[in-house]
Student: 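First the structure, which I've put down as C-alpha cells, then a few questions once you've had a look.
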Protein chains: 2
Amino acid sequence: MNNVEDNKQLKLKSQLCFPIYALARDIVAAYRPLLEALDLTYPQYLALLVLWEKEEQSVSQLGEQLDLDSGTLTPLLKRLEQKGLVNRKRSTTDERSVLISLTEAGSKLQFEAANIPSKLMEAMPVSAAELKTLQHIICKIRKNIRKI
Amino acid sequence: MNNVEDNKQLKLKSQLCFPIYALARDIVAAYRPLLEALDLTYPQYLALLVLWEKEEQSVSQLGEQLDLDSGTLTPLLKRLEQKGLVNRKRSTTDERSVLISLTEAGSKLQFEAANIPSKLMEAMPVSAAELKTLQHIICKIRKNIRKI
DNA sequence: TTAATTTAAATTGTGCACAATCTAATTTTG
DNA sequence: CAAAATTAGATTGTGCACAATTTAAATTAA
C-alpha cells in the first residue's frame, strides 16, 4: 500500500525547483569575489547594468527590468548613492517619480566591470549549446509560469 | 571603434545569470500561495521535505542537503519550533550537535503538502522532456561551477 | 473643478542568505 | 595526559526580497 511517506514527489532529490533555487545562490556566490573588488553586491551590479545601458531612469523603470519593487530598490539605490555611484532626484515633470542617474564614478565603473561577464562564463562549466538550451527553456518558463 | 559602452556582454538582456536569478524568485512566488495555506515559507518547506525523509537529523545534516549554513538554519528552525513542527535538542553523544526532529504536527503536515508538487508542476509551462533537459544542465552546472 | 481613483516611492515588518566571529565540545598531537 | 587544532552551532551585522501600508502627486470622472 502506498502512503504519503512513499510520495516520491515530496523528496528533495525529485524536486526540480530546489536545483534552480540552489543554482541561483551558486551563481551569486560565483559573482561575489569578482564584485567584491568593485564593492558591489550582485543586485547592485544588475542595477548598474541597466543604468549603463541608459544612464537616467526612474525607479519604476529599473524595477520593471529587474522585476523588483520599490521596497527592494529604494534601499539598494540609496546604498549606491552613498557609494557615490548614482544620483537620485525627483522628476520635475512628475513629482511622484524619482530619477536615478549615473555619477561620473558610476559611469566609469563599467570599465572595471568589463571583464566580469567573460570571467563568470569561464566558471560556468557548460557548452555554448547547452547554455542556449538552458536560456531558451528558462525564458519559456519565466514567460508563462502560471500565477496560481 | 568599439568602446566599453558597446560591450554587449554588459547588457542585462545578454546575461544568462539574470534569468536564473529571476526564475528562482518566480518559483518561490509560485509556491507562496500554496505554502501560505500551510503557514510555511519556501525554505521552511524545503527543510521539512528533508525531515519527512528522515525524521531526526542534525543541523549540519540538514545544511548539507540544503546547502545552507547555521546562520540561515538556526533561526529558520527556531521558527519551525515556534510553530510546533519540530523539536530541537542537543545530542547526548556529541553535545556540539543539535538534533532536529519532527513533532506529531510536523509529521502530519506532509499529508497537507502531498499535492503541492503536482500543483506546482501544473504552473510550470514546459514539457517533461524540457524539464529533464533543464534538470540535467542545471545539475551539471551546480556540480562543476568553478569556485573562483 | 472638486471628489474619487490611480500611480510612484517610501516605509514597516518578516524572513531568508551569508560572511565573520564567538563559544563550547571534541579530536588530534606532541 | 595537556595543549593545539578542529568541529558544531549560535550570534551579529549587512543586504536583499516582498507583502502591506502610507504619503503625496497626478489623472479621471462626476
Side-chain angles (χ1 to χ4, degrees), chain A residues 18 21-33 35-36 38-48 57-64 66-83 85-100 147, chain B residues 18 20-33 35-36 38-48 57-64 66-83 85-86 88-100 147:
Chain A
F18 173 68
Y21 153 80
L23 176 60
R25 288 187 286 125
D26 287 346
I27 285 173
V28 172
Y31 270 104
R32 191 168 295 119
L35 292 175
E36 244 161 29
L38 311 191
D39 188 29
L40 292 176
T41 65
Y42 183 62
Q44 289 167 11
Y45 168 71
L46 291 177
L48 288 176
Q57 301 188 58
S58 68
V59 172
S60 52
Q61 284 178 305
L62 294 175
E64 218 165 293
L66 299 171
D67 275 319
L68 293 171
D69 68 8
S70 68
T72 301
L73 284 175
T74 296
L76 183 155
L77 294 168
K78 282 182 178 173
R79 283 186 283 270
L80 289 182
E81 186 186 36
Q82 286 282 308
K83 298 182 202 190
L85 300 175
V86 306
N87 301 123
R88 304 165 64 247
K89 69 164 208 287
R90 289 268 161 198
S91 163
T92 50
T93 60
D94 185 341
E95 295 259 351
R96 290 171 304 178
S97 45
V98 168
L99 298 175
I100 308 299
K147 315 305 174 210
Chain B
F18 173 68
I20 297 173
Y21 153 79
L23 176 60
R25 288 188 286 125
D26 287 346
I27 286 174
V28 172
Y31 271 103
R32 192 167 296 118
L35 292 176
E36 243 161 32
L38 312 191
D39 188 28
L40 291 176
T41 65
Y42 183 62
Q44 289 167 12
Y45 168 71
L46 291 178
L48 287 177
Q57 300 188 58
S58 69
V59 172
S60 53
Q61 283 177 304
L62 294 175
E64 218 166 293
L66 299 171
D67 275 321
L68 293 171
D69 67 9
S70 68
T72 301
L73 284 176
T74 296
L76 184 155
L77 294 168
K78 282 182 179 172
R79 283 186 283 271
L80 289 181
E81 186 186 36
Q82 285 282 309
K83 297 182 202 188
L85 301 175
V86 306
R88 302 164 64 247
K89 68 165 209 284
R90 289 271 160 196
S91 162
T92 49
T93 60
D94 185 342
E95 294 259 352
R96 289 171 304 178
S97 45
V98 168
L99 298 176
I100 308 298
K147 314 306 175 211

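For clarity, every value in this text was computed on a predicted model and none was experimentally measured. The chains referred to below are lettered A, B, ... by the order of the sequence lines, with proteins before strands, and numbering in each begins at 1.
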Student: Hey, does the side chain of K78(A) come within less than 4.0 Å of dT11(C)'s phosphate (OP1/OP2), counting only N and O?
Tutor: yes
Student: Determine the contact category for L73(B): base if any of its heavy atoms lies under 4.0 Å from a base atom, sugar-phosphate if only primed atoms, P, OP1 or OP2 are that close, otherwise nothing.
Tutor: nothing
Student: Considering just the side-chain nitrogens and oxygens of Y21(A), establish if one lies under 4.0 Å of OP1 or OP2 belonging to dA17(C).
Tutor: yes
Student: OP1 or OP2 of dG15(C) versus the side-chain N and O atoms of Q44(B): is any pair under 4.0 Å?
Tutor: no
Student: In whole angstrom, give the distance that lies between atom CG of D39(B) and atom C1' of dG15(C).
Tutor: 12 Å
Student: Figure out the CZ/P separation between F18(B) and dA17(D), and round it to whole Å.
Tutor: 10 Å
Student: Which whole-number value in Å describes the distance from L46(A) CG to dG15(D) C1'?
Tutor: 14 Å
Student: In whole Å, what is the span from the CZ atom of R96(B) to the C1' atom of dT27(C)?
Tutor: 7 Å
Student: Within the pair R88(A) and dA10(C), is there a side-chain N or O less than 4.0 Å away from OP1 or OP2?
Tutor: yes
Student: Without swapping roles, check the side chain of R90(B) against the backbone of R96(B) for a donor-acceptor pair under 3.5 Å.
Tutor: yes
Student: Which listed nucleotide (dG15(D), dA10(D), dA19(C)) is nearest to the side chain of R32(A)?
Tutor: dA19(C)
Student: Tell me if the side-chain of S70(B) makes a donor-acceptor pair with the base of dA10(D), cut-off 3.5 Å, by modelled atom types.
Tutor: yes
Student: Take the protein atom CD1 of I100(A) and the nucleotide atom P of dA8(C), then report the distance between them rounded to whole Å.
Tutor: 15 Å
Student: To the nearest 0.5 angstrom, please state how far the CG atom of L77(B) sits from the CG atom of L62(B).
Tutor: 6.0 Å
Student: State whether T74(A) places a side-chain N or O below 4.0 Å from either non-bridging phosphate oxygen (OP1 or OP2) of dT11(C).
Tutor: no
Student: Scan S60(B) against the nucleic acid and name what it touches under 4.0 Å (heavy atoms): base, sugar-phosphate only, or nothing.
Tutor: sugar-phosphate
Student: Taking any heavy-atom pair under 4.0 Å as a contact, classify S97(B): base, sugar-phosphate, or nothing.
Tutor: sugar-phosphate
Student: Between dG15(D) and T41(A), is there an OP1 or OP2 to side-chain N/O distance shorter than 4.0 Å?
Tutor: no
Student: State which of dT26(C), dA17(C), dC18(D) makes the closest approach to the side chain of L68(B).
Tutor: dA17(C)
Student: Stepwise, does the side-chain contact (heavy atoms from CB on, under 4.5 Å) test hold for Y42(A) with L35(A)?
Tutor: CA-CA 7 Å; Y42(A) 183 62; L35(A) 292 175; 4.1 Å; yes
Student: What's the CG-C1' distance between L66(A) and dC16(D), to the nearest Å?
Tutor: 13 Å
Student: Once you round it to whole Å, what is the distance between C1' of dA25(D) and CZ of R90(A)?
Tutor: 9 Å
Student: Would you say T72(B) places a side-chain N or O within less than 4.0 Å of OP1 or OP2 belonging to dC18(C)?
Tutor: no
Student: Report yes or no: does R88(A) contribute a side-chain atom to a donor-acceptor pair with the main-chain N or O of L99(A) at less than 3.5 Å?
Tutor: no
Student: Mapping R79(B) and D94(B) onto DNA chain C by nearest heavy atom, which one lands closer to the 5' end?
Tutor: R79(B)
Student: Measure from CG on L35(B) to C1' on dT14(C) and round the result to the nearest Å.
Tutor: 16 Å
Student: To the nearest 0.5 Å, tell me how far D67(B) CG sits from T72(B) OG1.
Tutor: 11.0 Å
Student: Working to the nearest 0.5 angstrom, can you tell me the gap between Y21(A) OH and L23(B) CG?
Tutor: 14.0 Å
